[in-house]
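Counting from 1, the numbers follow the sequence of the chain as shown.
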Amino acid sequence: MEKFTYVVRNILLMTGVITFILAFIFYIYFPFKTNHGDNITVPNLVGMELDNLESFLRDRDLRYEILEDSSYSSGYLPYTVLQQNPSENEKVKENRKIYLTLNSSIPPKIKMPKIINGSVKNAQLILKSYDLKLGEITYVPDMARNAVLKMFIEGDSVSENDLVLKGSI
């Protein structure tokens, strides 16, 4: 009987020590080491220029990395932030790296969409979807009312499938 109580007492002692060590690790050491509960709200960086980014994020204890795959939007200046990850208002730890996609300084070339013989309204929608801008509309007498007859970029005639710069007027 004495041997049995000795074994049970040692098992209970080991269980208590292991429970204490695990509780210490998970409730004291890990929260302290990982700054549990300390977080920063990610600011909105979309539209911010690259020149202002470094000091803005440093003041908020954040870092950034620019992704190589840039995009282009004619609505933004070159080298402005188009996308960010993590997105704004997310909670992150200090010194977290924010991944950014910048607006390219050189617009990519795209094929001119087919808008000849379609309506002006349809042409507006197609041009907008291709990130092209509708310029001046000149009406000429024709059998097809409000149909697109010709396209011009900077005074030069453009045909379907010609390569044009994204954002052209």
Side-chain angles (χ1 to χ4, degrees), residues 30-169:
F30 280 163
F32 173 75
K33 192 70 174 168
T34 62
N35 296 328
H36 183 70
D38 295 344
N39 54 37
I40 299 169
T41 302
V42 177
N44 182 14
L45 303 174
V46 175
M48 185 174 284
E49 294 182 23
L50 183 60
D51 299 338
N52 306 331
L53 214 51
E54 180 75 36
S55 62
F56 182 79
L57 290 177
R58 192 177 336 107
D59 293 344
R60 286 159 181 76
D61 294 324
L62 295 169
R63 299 175 298 145
Y64 72 94
E65 182 175 319
I66 298 170
L67 300 176
E68 288 186 28
D69 58 334
S70 64
S71 296
Y72 181 79
S73 175
S74 60
Y76 291 96
L77 294 173
Y79 304 113
T80 56
V81 177
L82 293 179
Q83 295 174 340
Q84 68 183 64
N85 185 19
S87 57
E88 74 171 302
N89 295 328
E90 285 194 33
K91 304 289 185 192
V92 297
K93 301 284 183 192
E94 70 179 40
N95 208 25
R96 167 71 191 267
K97 194 178 283 185
I98 311 294
Y99 296 94
L100 305 173
T101 302
L102 295 182
N103 194 25
S104 176
S105 62
I106 302 168
K109 290 190 174 188
I110 58 171
K111 287 185 178 182
M112 187 67 187
K114 180 182 180 183
I115 59 174
I116 300 289
N117 295 327
S119 70
V120 172
K121 186 67 174 168
N122 189 42
Q124 289 173 322
L125 295 172
I126 292 171
L127 291 176
K128 186 175 182 179
S129 71
Y130 279 77
D131 203 8
L132 296 169
K133 296 177 184 165
L134 180 66
E136 181 182 332
I137 299 175
T138 305
Y139 291 94
V140 295
D142 191 69
M143 192 168 70
R145 189 168 175 188
N146 285 337
V148 177
L149 302 175
K150 291 183 182 179
M151 303 177 287
F152 297 94
I153 293 181
E154 297 178 0
D156 296 329
S157 181
V158 181
S159 301
E160 175 186 344
N161 292 328
D162 284 355
L163 292 177
V164 297
L165 293 176
K166 199 172 190 181
S168 295
I169 299 171

Going from [atom1] on [X] to [atom2] on [Y], what distance comes out if it is rounded to the nearest 0.5 angstrom?
X	Y	atom1	atom2	answer
Ser87	Ile98	OG	CD1	9.5 Å
Gln83	Tyr99	CD	OH	15.5 Å
Leu149	Asp142	CG	CG	4.5 Å
Met48	Leu57	CE	CG	7.5 Å
Lys166	Ser73	NZ	OG	7.5 Å
Ile153	Leu165	CD1	CG	8.0 Å

Is there a side-chain contact between [X] and [Y], using heavy atoms and a 4.5 Å cut-off?
X	Y	answer
Leu132	Ile110	yes
Asn85	Leu67	no
Leu62	Asn95	no
Leu127	Met112	yes
Glu49	Leu77	yes
Val46	Glu88	no
Tyr64	Leu50	yes

Worksheet item: Among pairs that include at least one residue of residues 96-105, which meet salt bridge (Lys or Arg N to Asp or Glu O under 4.0 Å), considering only residues two or more places apart or in two chains?
Response: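 Listed by first then second residue: Glu65-Lys97.
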Practice prompt. Might you confirm whether atom CG of Asn117 has over 12 heavy atoms from other residues, nucleotides or ligands at distances under 6.0 Å?
Written response: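 At most 12 heavy atoms, drawn from other residues, nucleotides or ligands, come within 6.0 Å of this atom.
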Fill in: Flag if over 12 foreign heavy atoms under 6.0 Å of CD1, Ile137
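Enclosed: over 12 neighbouring heavy atoms sit under 6.0 Å from CD1 of Ile137.
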Worksheet item: So, does Ser159 use its side chain to make a donor-acceptor pair with the main chain of Asp162 at under 3.5 Å?
Response: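 It does not hold such a pair.
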Which atom names give the shortest non-hydrogen contact between [X] and [Y], and what distance separates them?
X	Y	result
Ser71	Leu82	CB-CD1, 3.6 Å
Tyr76	Gly47	CE2-CA, 3.7 Å
Tyr72	Ser104	CD1-O, 3.5 Å
Ala123	Val148	CB-CG2, 3.7 Å
Leu45	Phe56	CD2-CE2, 3.6 Å
Ser105	Pro78	CA-CB, 3.6 Å

Item to complete: Step by step, work out the side chain to side chain donor-acceptor pair (under 3.5 Å) result for Lys91 and Thr41.
Response: CA-CA 5 Å; Lys91 304 289 185 192; Thr41 302; 2.7 Å; yes
Practice prompt. Go through the steps to decide whether Asn44 and Gln84 satisfy the test side chain to side chain contact (heavy atoms under 4.5 Å, CB included), and finish with yes or no.
Written response: CA-CA 8 Å; Asn44 182 14; Gln84 68 183 64; 3.9 Å; yes
